[in-house]
Each structure stands twice: as C-alpha cells, then as structure tokens.
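Beneath this line is the structure, given in structure tokens, with notes to follow.
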Amino acid sequence: MDLPQKFLERMEKVLGDEYDDFLQTYHEPRRFGLRVNTLKISVEEFVKLAPFHLTRIPWIDNGFYYEKEDDPARHPFYYAGLYYLQEPSAMTPASILPVTPGEYVLDLCAAPGGKATALAAKLQGQGLLVANDISASRAKALLKNLEVFGVKNSFVANAVPLRLAQQFPETFDKILVDAPCSGEGMFRKDMANAKAWSLEKVEACARIQRDITRQAVTMLRPGGLMLYSTCTFAPEENEGTIAYLLQQCPDMELVEIPHQEGFARGEGRLLDLLKEKNTETSRELQEAGVWEKAAGERSASELKKCVRIFPHKMGGEGHFLALLKKKGELSGMHQRALPGGGRLSKEEDRVLREFLKDVTSSIRIEQIEVRGGQAYFIPEPPQIKGKIPFLRNGLYLGEIRKNRFEPSQSLAMALKKEEYASVLDFSYGDPRVRRYLCGETVDAEDLEHRRDKGWQLVCVGGYPLGWGKLVNGTLKNKYHPGWQMKQ
C-alpha cells in the first residue's frame, strides 16, 4: 500500500517501537463488522437466526465480525433492519456514551447513521434523538438508515453547528461528536483517503473540530456527557483538540473510559510532536495558551483518559475517543413540548382512525399532525425557538389521498409483526422475498393471512419489510421504489 511519506514519519514518532507492527497491518485483510439492532431483535435471537459466520467483537455487546463471503448486505434481514454494517472500531463511540431511555441525545455529525442508529437503539423509543449533518445529501442517507432501523423518536436536521446551538442551548443530556477528520485511521479501508491526505488537511480539520466542539458544549446540560471521536491518528485532531477544548471551556472535564483489552491510552507526550512543528495549528494553540496547560503533569495525566484504537492492537481500524462531562449535576425533567396533534380536519381524523384501528402500537391520534396531506407521529417534539432546516420530525406515517390513507415504508419498518392486523410472513429462504424486494408482484395464495384483500404488512421470518396490497391471492407490491434491491 502506497502511503504518504510524511504520514509514515509522523506515525513512527507516535508509535516508536510499535511502528513495525502497525505497518504490518496494511498487508493484512481488514475486518468486517455488523451491529445488531436491539430495537427489533435481541442479540441472542439474532445469533440463532442469522445464517452468517459470526464472531463476537470483544468490546461491543451487540457487535460481530462476519466473513466477506457472507454478503449480509444482500440478505433480506438487512432490508428488515435487523443489523447495521459498520467498521468494528467505529462502533465504539456510541457504545461508550452511556445513553438511557428518556434522555435527549444529539448526534452532531451523524451521517450516514451508524452511530445515530446505535444511540436510537439505546433510547428504545423514549426521549429524543436529534441527528444532524450539514450535508443535505448525506442527511438523506442518515434519514433512510434511521427509518430502516424503525426509529420513531428522531428529529433529523441539516444545520451548521452554530445554528443548531442557537436553537438548543443546554438542551441535551448526551452529545456525540464524531468529528470530520483527515481519516488516517481508515487508509487501510479506503485508499482514497490516503491519496487525499496532506498536513494542510490535518490543519484544516483541527480548526473545524475546535469550532464544532465549542458549539457542542453550549448545547450540553450541566452534568451531561459528550463523547468526542475521530477516525484519525493525528495528534492535532485528537489530544490537541481536547487540550484546546479544556482550556477554552473550564466547565468541561475528561472522564475515564472503561478499559478494554487493546485500548491504548491518549498521551500528553503526543502534544510535544505538535510543538516541534512550526504550523498554523501549532501557533494558534500556542497563542491560546494550550501548550502551557498541556505541559503540566496534571494535564498530561488527564489526557491519558482518552483512548486510541490502533489496528495492530485490536481487530478494527484507527479511532480516537474522549469522554467529557460538563461540571454540575443533571437535575429536573425536560420541559416536554405539547404533542403535535389537535390540528387534524374531520376528514383527516376519520381516514387516520380508519387505518389505525388495525394498528396496535403506541401510535396515538393525539400525537399526529398532518402537513400537506402527509401524516407524522411526533412522540417527543423538540423545542424549536425559530426556523431550522430539517428533513424529518418524528415518524412519517403516510399520505392522505382522496378519502384513503397510503401507509409509508417508514411506518412498516417501525411496526412489529404483531402490531398490524393482517400480515404476510415469508420464510427468509423463500425466493418470493427477493422478488418482493426487487419491486415485483408476487403470488401469496399459499400464505396465511387475516383478510383476503387490502393492506398487508409483508414480513420475512417475522420481521417487517414493507407493504403490499392483496388482490385475489396476488400481492401488489408497495415496497419503496428507492429502497429496492438491485437484481
């Protein structure tokens, strides 16, 4: 693998005697991982059900290595949202942030959704997940992944951090900042990152990270926790960013991350590498007094609370993590916003009630609002003080069309099999499942179902895939066209 020479020189300084072991990993095959969606299935049930060659990822409770030949992205269970395909070390940040149901959680740089879906699973449908990304195209991919996972309580935004901070001052119990970075830890996974690397890119990323983290701190409640992570080895973007944040935000302090075998501690000595370089970042940090703060024995010890993941120590790519707490104690409940319902016309109310009589989930008419004929279930509305660009608030239920209701793909993914009145359940080996996922009409005469016509929740092995309409034993395909499997 052709790696940038300056990158290699820096890594030799960082790793010392371990440098040769690190280099050897670039000649070894990388590991592939999947994370079980505990919103839909328990880890134990998934292990029994999944036809893959699985090996547990030691430091991730619901994470597994799989073999490349398993090709889980083509399996129907992937389309049912039973798991997320994710690089093993990238599972670590969301697993470390201790989220509990009912909290308000922010994933500030959330696309494409690997960490956001993990945080949503921890919330178990209670509280609020704000998932944000400044890129509109990436935010659309984020929204899709949250919908596939069956997440009901998300607010998907598309705003710059400053604008978000203006809307949500001291709002969140937990914040995850998986910051944009130079991607050094992913060179083995994607050589395009290596070709685009430069010291100038490292410097630019460090400046962006300092701004993002300072905005994030203003959105964190006193006593709340923030997890900062990158997928790079660069000390400017890791220990340097944390040292800067601690200097600029005296109400923030590092928290010890529970140790796992293979974790390497962050080190204050890595900051010395930055002081050796006459770079813009070095000068800015010097002027901010960061070096003076980092030079002390206490600061060096504090930075050891950070964690580094190196591919020669663990079965994953490179990552950096720091868990920080805002001083104070979490107190009191969130000021809950009023449900979004109460604005339905008589016809909208009638049509929705007619459909919902077949639904036994927690979706209540009082928490539904209709905008432009589209119905949304809003279990936990965020407190919005002004205009903010967003893609989705709550769960999109479907569209009201001339005295009838067309349920959405996202509603199908948020339901359980037992929560809808009429179900067509295919075994995962049935060839009709693939035809359904490809958008074809399929024969369903041999399957048990409650009624002979109308809307059917189409499932595979008991897990929903989407909708279909049954007519004389034939299933008219209503699977989302943009989600269809390629032949």
- Item | Salt bridge present between E366 and R364 (N-O < 4.0 angstrom) | yes

- Report yes if the distance between the aromatic ring centroids of F22 and F233 is under 6.0 Å, otherwise no. yes

- Message: Does E69, at its CD atom, have more than 12 non-hydrogen atoms belonging to other residues, nucleotides or ligands within less than 6.0 Å?
- Response: yes

- Task: Ignoring hydrogens and angles, state whether a donor on the side chain of R163 or Q166 is under 3.5 Å from an acceptor on the partner side chain.
- Result: no

- Item | Candidates K189, R30, R188 - the one meeting salt bridge (Lys or Arg N to Asp or Glu O under 4.0 Å) with E317 | R188

- Could you go step by step and tell me if F172 and I175 meet the side chain to side chain contact (heavy atoms under 4.5 Å, CB included) rule? CA-CA 7 Å; F172 298 101; I175 296 178; 3.8 Å; yes

- Spacing of OG belonging to S410 relative to CG belonging to L146, to within rounding of 0.5 Å: 11.0 Å

- Task: For the pair D133 and R138, find out whether any cationic side-chain nitrogen is under 4.0 Å from an anionic carboxylate oxygen.
- Result: yes

- Would you say the side-chain atoms of W197 and E184 include a donor-acceptor pair closer than 3.5 Å? yes

- Item | Distance in Å, K313 NZ paired with F310 CZ, rounded so as to fall on 0.5 Å steps | 8.0 Å

- Message: Just verifying a value: how many Å separate L34 CG and F77 CZ, rounded to the nearest 0.5 Å?
- Response: 12.5 Å

- Query: Quick one: CZ on R210 to CD on E237, what's the gap to the nearest 0.5 Å?
  - Reply: 10.5 Å

- Atom pair CG/CD of L245 and E253 - distance to nearest 0.5 Å: 12.0 Å

- Can a salt bridge be assigned to the pair E170 and K326 using a cut-off of 4.0 Å between side-chain N and carboxylate O? yes

- Item | SB check D107 K115 (cutoff 4.0 Å) | no

- With a 4.0 Å cut-off, would you call R308 and E239 a salt bridge? yes

- Item | Flag for E147-Y396: side-chain donor and acceptor within less than 3.5 Å | no

- Task: Fit a plane to each ring of Y66 and F32, take the angle between them on a 0 to 90° scale, and name the class: parallel (under 30°), tilted (30 to 60°) or perpendicular (over 60°).
- Result: tilted

- Message: With heavy-atom distances below 4.5 Å as the criterion, would you say the side chains of L39 and Q124 are in contact?
- Response: yes

- Query: Can the positive tip of R31 be found less than 6.0 Å from the middle of the six-membered ring of Y65, inside 45° of the ring normal?
  - Reply: yes

